[in-house]
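Have a look at the structure below before the remarks.
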Protein chains: 2
Amino acid sequence: MFLKTTEYALRAVLYIARESHEDRRVSLAAVARAIGSPASFTAKIMQQLSRDNRIVCSVRGPGGGFYMTPASRQLPMQAILEAMGEEHLMTKCVLGLRQCSEKQPCPMHEAYQPVKAGLMRLFTHHTIGEMAGEPEWRKRLQQKRRPGLKR
Amino acid sequence: MFLKTTEYALRAVLYIARESHEDRRVSLAAVARAIGSPASFTAKIMQQLSRDNRIVCSVRGPGGGFYMTPASRQLPMQAILEAMGEEHLMTKCVLGLRQCSEKQPCPMHEAYQPVKAGLMRLFTHHTIGEMAGEPEWRKRLQQKRRPGLKR
DNA sequence: TGAATAAAAGACAAAATTATCCTTAATTAT
DNA sequence: ATAATTAAGGATAATTTTGTCTTTTATTCA
Ligand code: FES
Ligand code: FES
């Protein structure tokens, strides 16, 4: 579905949102650990996410790290996709045609419509803060290491 | 969503299904033209799709080309994904975690469920032949060339 | 002020995907 | 049989994505 970069971004933002809700600022290392992605790669992703402090804010130096303001936690999930340049995935044609519309529908368009609508709804009708929600069973953000795979 | 390879595959199969319904066999060149993908790349994809004649059948030599049997047109769309090794996309976690299940749901799992179900339904409840259907407005499989982009 | 810390930025490397080209094998028609 | 046609297969290249490493900049604290 999404690029790995974007998947990491979604996981990272949800993690930071949760920590920020408890007024905790988190380091790059902590984010990487929490979402199970390589630290130096995570760094690049965090740069995209904290550009202009649009989604997450960053502070350098001792005790620094990343956090989200209550305001940015009110952003729709879509904002993460936009920051990663993958918002088109919600609206693109399932066959990869340049545009998806009723005007010139592809053979799958009609049947795909509900899925597309669901995707759009998923990312526009839920805020980051809401998705990051508190219930214990919503905590999973890191996959268990695949045994015998270094890193 | 899918790899470009898979998008091409979906378009190619739908095209061939339609032609086969009219008892026409189509050449590689015709397929590439119809779906707007580079011919030599399309060749590779066709190889995957005609391996063991599982989805499309191929015949070499003059007048040769590709076609689908009525039986293979009865296959669910999913079969194309399987042939391309992308069937996991229907069931994978939207955050990219290794497994997606109620047992260990990610923060988006609940909200994502309807989309996932829709995706699965889309590819399991529709046959290739059905998707390739006849109505005029279902004919679009090729995107107009982007002006000023060589190929 | 100076040293330590942590993210930003940039250069580079590896891997996967996308794409091209050339040779081979199968089939048909002459 | 031979030549022509068409897909299969293999090698290689370009591009994009993914990942690493090093240097720089900002911030804090002693
Ligand atoms: S045009 Fe293909 S899904 Fe809408
Ligand atoms: S566990 Fe993430 S979508 Fe199901």
Side-chain angles (χ1 to χ4, degrees), chain A residues 1-12 16 19 24-33 35-68 83-86 88-89 96 146 149-151, chain B residues 1-13 16 19 24-33 35-68 83-86 88-89 96 143 146 149-151:
Chain A
M1 175 94 73
F2 297 107
L3 293 177
K4 221 161 174 184
T5 317
T6 305
E7 292 174 347
Y8 287 153
L10 290 166
R11 286 161 35 195
I16 296 166
E19 295 300 304
R24 282 191 293 266
R25 192 183 286 177
V26 294
S27 71
L28 171 65
V31 174
R33 200 176 333 113
I35 71 175
S37 95
S40 41
F41 191 44
T42 310
K44 292 300 178 194
I45 294 163
M46 292 316 298
Q47 284 174 31
Q48 289 188 69
L49 291 171
S50 51
R51 188 89 23 127
D52 303 320
N53 287 357
R54 278 193 56 253
I55 300 191
V56 316
C57 305
S58 72
V59 295
R60 306 198 229 195
F66 302 93
Y67 68 96
M68 293 182 71
M84 304 306 293
E86 284 231 278
H88 65 279
L89 208 135
R146 195 180 252 147
L149 247 184
K150 67 197 161 288
R151 170 154 331 163
Chain B
M1 176 95 71
F2 297 106
L3 294 177
K4 220 162 174 184
T5 316
T6 305
E7 292 175 347
Y8 287 154
L10 290 166
R11 289 193 248 166
V13 171
I16 295 166
E19 295 299 303
R24 281 191 294 267
R25 192 182 287 176
V26 293
S27 71
L28 172 66
V31 174
R33 201 178 330 114
I35 70 176
S37 94
S40 42
F41 192 44
T42 310
K44 292 301 180 196
I45 294 163
M46 292 316 298
Q47 284 175 31
Q48 289 188 69
L49 291 171
S50 50
R51 187 92 22 133
D52 304 319
N53 287 357
R54 277 194 54 255
I55 299 190
V56 316
C57 304
S58 72
V59 296
R60 306 198 232 195
F66 302 93
Y67 69 96
M68 292 182 72
M84 305 304 293
E86 284 231 279
H88 65 278
L89 208 137
Q143 46 198 0
R146 194 180 253 144
L149 245 185
K150 63 194 161 294
R151 165 154 338 157

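Throughout, protein chains are lettered first and strands after them, A, B, ... in sequence-line order, and every chain is numbered starting at 1. Just so we're clear, the structure is a prediction, and the values are computed from it rather than from any experiment.
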Exercise. Toward the 5' end of DNA chain C, which comes first, A/G65 or A/K44, by nearest nucleotide?
Worked result: A/G65

Seminar exercise, completed: OG (A/S37) and NZ (A/K4) are apart, to the nearest 0.5 Å, by 9.5 Å

Exercise. Which comes earlier along DNA chain D counting from the 5' end, the contact point of A/F2 or that of B/A29, where each point is its nearest nucleotide?
Worked result: B/A29

Problem set entry | From CE (B/M84) to OG1 (B/T6), nearest 0.5 Å | 5.0 Å

Seminar exercise, completed: Between B/A32 and B/A39, the two heavy atoms sitting closest are CB-CA, 3.7 Å

For this session: Take the protein atom CD1 of A/I35 and the nucleotide atom C1' of D/dT18, then report the distance between them rounded to whole Å.
Result: 14 Å

Exercise. Starting at CD of A/Q47 and ending at C1' of D/dT22, how long is that distance when rounded to a whole Å?
Worked result: 13 Å

Exercise. Within a radius of less than 6.0 Å around CZ of B/R54, do more than 12 heavy atoms belonging to other residues, nucleotides or ligands occur?
Worked result: no

Seminar exercise, completed: Tested for side chain to side chain contact (heavy atoms under 4.5 Å, CB included) against A/R11, the lone hit among A/I45, A/V31, A/I35 is A/I35

For this session: To the nearest Å, give me how far apart CZ (A/R25) and C1' (D/dT28) are.
Result: 11 Å

Exercise. Between A/F66 and A/S40, which is nearer to the 5' end of DNA chain C once each is assigned its nearest nucleotide?
Worked result: A/F66

Exercise. Which nucleotide, D/dT17, D/dG19, C/dT18, lies nearest any side-chain atom of B/L3?
Worked result: C/dT18

Exercise. OP1 or OP2 of D/dG19 sitting under 4.0 Å from any side-chain N/O of A/Y8?
Worked result: yes

Check nucleotides 1-3 of chain C against the protein and report each pair of N or O atoms closer than 3.5 Å, with its distance, or say if there are none.
none

Exercise. Are any of the side-chain heavy atoms of B/M68 and B/V13 separated by less than 4.5 Å?
Worked result: yes

Exercise. To the nearest Å, how far apart are A/R33 CZ and C/dA6 P?
Worked result: 12 Å

Problem set entry | Between D/dG19 (C1') and A/M46 (CE): distance, integer Å | 17 Å

Problem set entry | pair B/I16-B/M46: side-chain heavy atoms closer than 4.5 Å | yes

Exercise. For the pair made of CE in A/M84 and P in D/dT17, what is the distance, rounded to whole Å?
Worked result: 11 Å

Problem set entry | Integer-rounded Å distance: C/dT18 P and B/R11 CZ | 12 Å

For this session: Heavy atoms only: give me the nearest B/S27-B/F66 pair and the separation to one decimal.
Result: C-CD1, 4.3 Å

Problem set entry | Interface residues of residues 48-63 of chain A with DNA chain D (non-hydrogen, below 4.0 angstrom) | A/R60, A/G61, A/P62

Exercise. Taking only side-chain nitrogens and oxygens of A/S27, does any of them come within less than 4.0 Å of OP1 or OP2 of C/dA6?
Worked result: no

For this session: Find the distance B/F41:CZ to D/dG10:P and express it as a whole number of Å.
Result: 17 Å

For this session: Working to the nearest 0.5 Å, report the span between SG of A/C57 and OH of A/Y67.
Result: 4.0 Å

